[in-house]
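We count ligands from 1, going down the list as the structure has it; atoms in each ligand are counted the same way.
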Amino acid sequence: MLEKISETFTDVFRSISGKASISEKNVEDALERIKIALLEADVNVRVVRRFINGALEEAKGEKVLRSVTPGQQFVKIVYDRMVALLGDERQDLALKGTDTQSVILLLGLQGSGKTTTAAKLASLLKKRGRKVLLAACDLVRPAAAEQLAVLATQVGVDISREDVRDPVLVARNALARARREGHDLIIVDTAGRLQIDEPLMQELARIRDALSPVESLLVADAMTGQSAVDIAKAFDEKIGVTGVILTKFDSDTRGGAALSLKSITGKAIKFIGVSERIDGLEPFYPDRIANRILGMGDIVSLVEKAQEVYDQKEAAELERKISQETFTLEDYLDQIRKVKKMGSVKSMLEMIPGLAGQVDEDRIDLQEMKYEEAILLSMTKKERQNHLIVGPSRRSRIARGSGTSVAEVNRLLKKFEKSRTMMKKMVKNKGAMAKMFGGKP
Ligand SMILES: Nc1nc2c(ncn2[C@@H]2O[C@H](COP(=O)(O)OP(=O)(O)OP(=O)(O)O)[C@@H](O)[C@H]2O)c(=O)[nH]1
Ligand SMILES: [Mg+2]
């Protein structure tokens with residue numbers, strides 16, 4: 001998602017930051033290209049106009065054009081405005097303490113991802129130490145409660161479901177149960193409709209009144225484009241929306257909805273759904289998404305994600321090895337095992353600068369990693385520590401031992417050398433970016 005805009009930004013920035021001095025005309029041309037890219041990405045027209053006019057005014061000022069680094073000043077202006085557009089600060093959930101019950105109500109049209117998101121949120125908040133109860137208040141679709149129940153088991157949280165007709169009753173009973181059994185968080189899955197309609201709104205209003213949620217989150221499908229904005233407005237008027245979760249952010253839609261939502265509705269995007277998996281929910285950080293859109297990659301997210309698996313010391317050690325080219329197959333094996341633990345390889349790789357949109361999903365399947373792991377395990381430690389000694393006869397022994405072919409062993413070795421180069425670039429890049437933004441990210 002957002003790859004197209006990202007391409008334009010990268011291109012514009014490259015051409016403008018290469019110039020020793022820039023003119024008003026350069027600024028105008030650059031912003032004209034950005035304007036077209038934003039409009040093509042389906043960003044709301046009013047939002048685009050405000051963005052471009054603001055940037056134009058600021059960038060044409062003396063301070064920018066006469067500065068020593070006009071190109072970088074310009075990039076900074078656009079970056080800051082993009083962060084502001086996306087909502088400035090990260091807005092987290094406003095939950096109460098664990099000594100009482102907080103209720104999160106999920107709202108949204110049919111198929112927007114409410115049920116999936118309920119489970120993802122449960123998983124994420126369980127990790128933050130919450131005792132979660134899921135409430136199955138979608139009684140419209142016959143299989144809805146069952147879907148939620150399956151997910152609840154997967155996450156390992158409790159679920160309240162009842163064979164009744166009134167979702168408000170389920171909601172009330174869930175709250176009573178939570179008080180009894182000590183759940184401090186109730187996540188309520190509700191029914192969706194194809195269109196926003198009155199009965200749906202009334203039902204939601206009654207559930208809201210019964211539970212007084214601390215968060216009423218609109219679950220909106222990023223693929224719906226501009227209408228996501230209208231949907232947000234409608235739900236806000238009737239129910240009162242406290243934030244948005246934008247699902248299917250991993251799809252290859254143009255992304256304009258994400259860029260317009262905050263600015264038009266005033267509702268912060270709190271999370272984004274990035275895969276169908278239970279762990280496919282990420283906090284929404286305006287500055288990181290801005291980095292990603294502007295083609296700078298999302299180094300911070302990447303580092304943070306990796307930190308769940310690595311500890312600091314390990315990471316520093318890895319960085320040293322990569323930059324000094326002492327990274328061996330032994331380390332590679334270690335990486336494969338960690339990536340497997342981290343889950344989605346694609347979502348991780350997409351965050352690396354310059355790789356957004358270039359990751360060929362088919363080429364990084366977990367199946368291949370399994371083969372690679374087998375090949376690596378068929379090598380001796382000495383071979384893993386120095387891949388240069390792995391000549392033809394060793395290769396055929398390794399292929400036999402791992403149940404693969406010599407061609408596959410060759411491919412792995414080639415790939416290893418290539419990724420060594422890539423990772424080295426990545427580590428270097430990080431420093432360059434930090435400099436560009438005065439230590440940020
Ligand atoms: N790729 C991707 N798929 C998602 C994401 N979130 C949800 N989905 C998929 O979208 C489809 C609909 O999700 P549900 O959670 O059933 O949607 P819902 O809003 O509960 O639907 P109804 O209950 O019918 O109103 C499912 O196939 C999900 O796997 C996401 O972030 N990324
Ligand atoms: Mg559902």
Next on the checklist: I'd like to know if the side chain of Ser112 and the backbone of Gly108 have a donor-acceptor N/O pair within less than 3.5 Å.
Outcome noted: no
Item to check | N/O donor-acceptor pair under 3.5 Å between Ser263 side chain and Ser260 backbone | outcome: no
Item to check | Test of ring centre spacing under 6.0 Å for Phe284 and Phe271 | outcome: no
Checklist entry - Taking only residues two or more places apart in sequence, or in another chain, which ones meet Arg50 in a salt bridge (Lys or Arg N to Asp or Glu O under 4.0 Å)? => result none
Do the side chains of [X] and [Y] get close enough for a salt bridge, i.e. N-O under 4.0 angstrom?
| X | Y | result |
| --- | --- | --- |
| Lys131 | Glu181 | no |
| Asp279 | Lys120 | no |
| Asp221 | Lys248 | yes |

Item to check | Under 2.8 Å from the Mg ion (ligand 2), the protein N, O or S atoms, given as residue and atom | outcome: Thr115 OG1
Checklist outcome for this item: Within the 4.0 Å heavy-atom cut-off around ligand 1, the contacting residues, ordered by chain and number, are Leu109, Gln110, Gly111, Ser112, Gly113, Lys114, Thr115, Thr116, Lys120, Asp138, Arg141, Gln147, Gly192, Thr247, Lys248, Asp250, Gly273, Val274, Ser275, Glu276
Checklist outcome for this item: Residue pairs meeting salt bridge (charged side-chain N to carboxylate O under 4.0 Å, His left out), one or both in residues 204-213, sequence neighbours left out, come to Asp166-Arg206
Item to check | Result of checking Lys126, Arg128, Arg130, Lys96 against Asp184 for salt bridge (charged side-chain N to carboxylate O under 4.0 Å, His left out) | outcome: Arg130
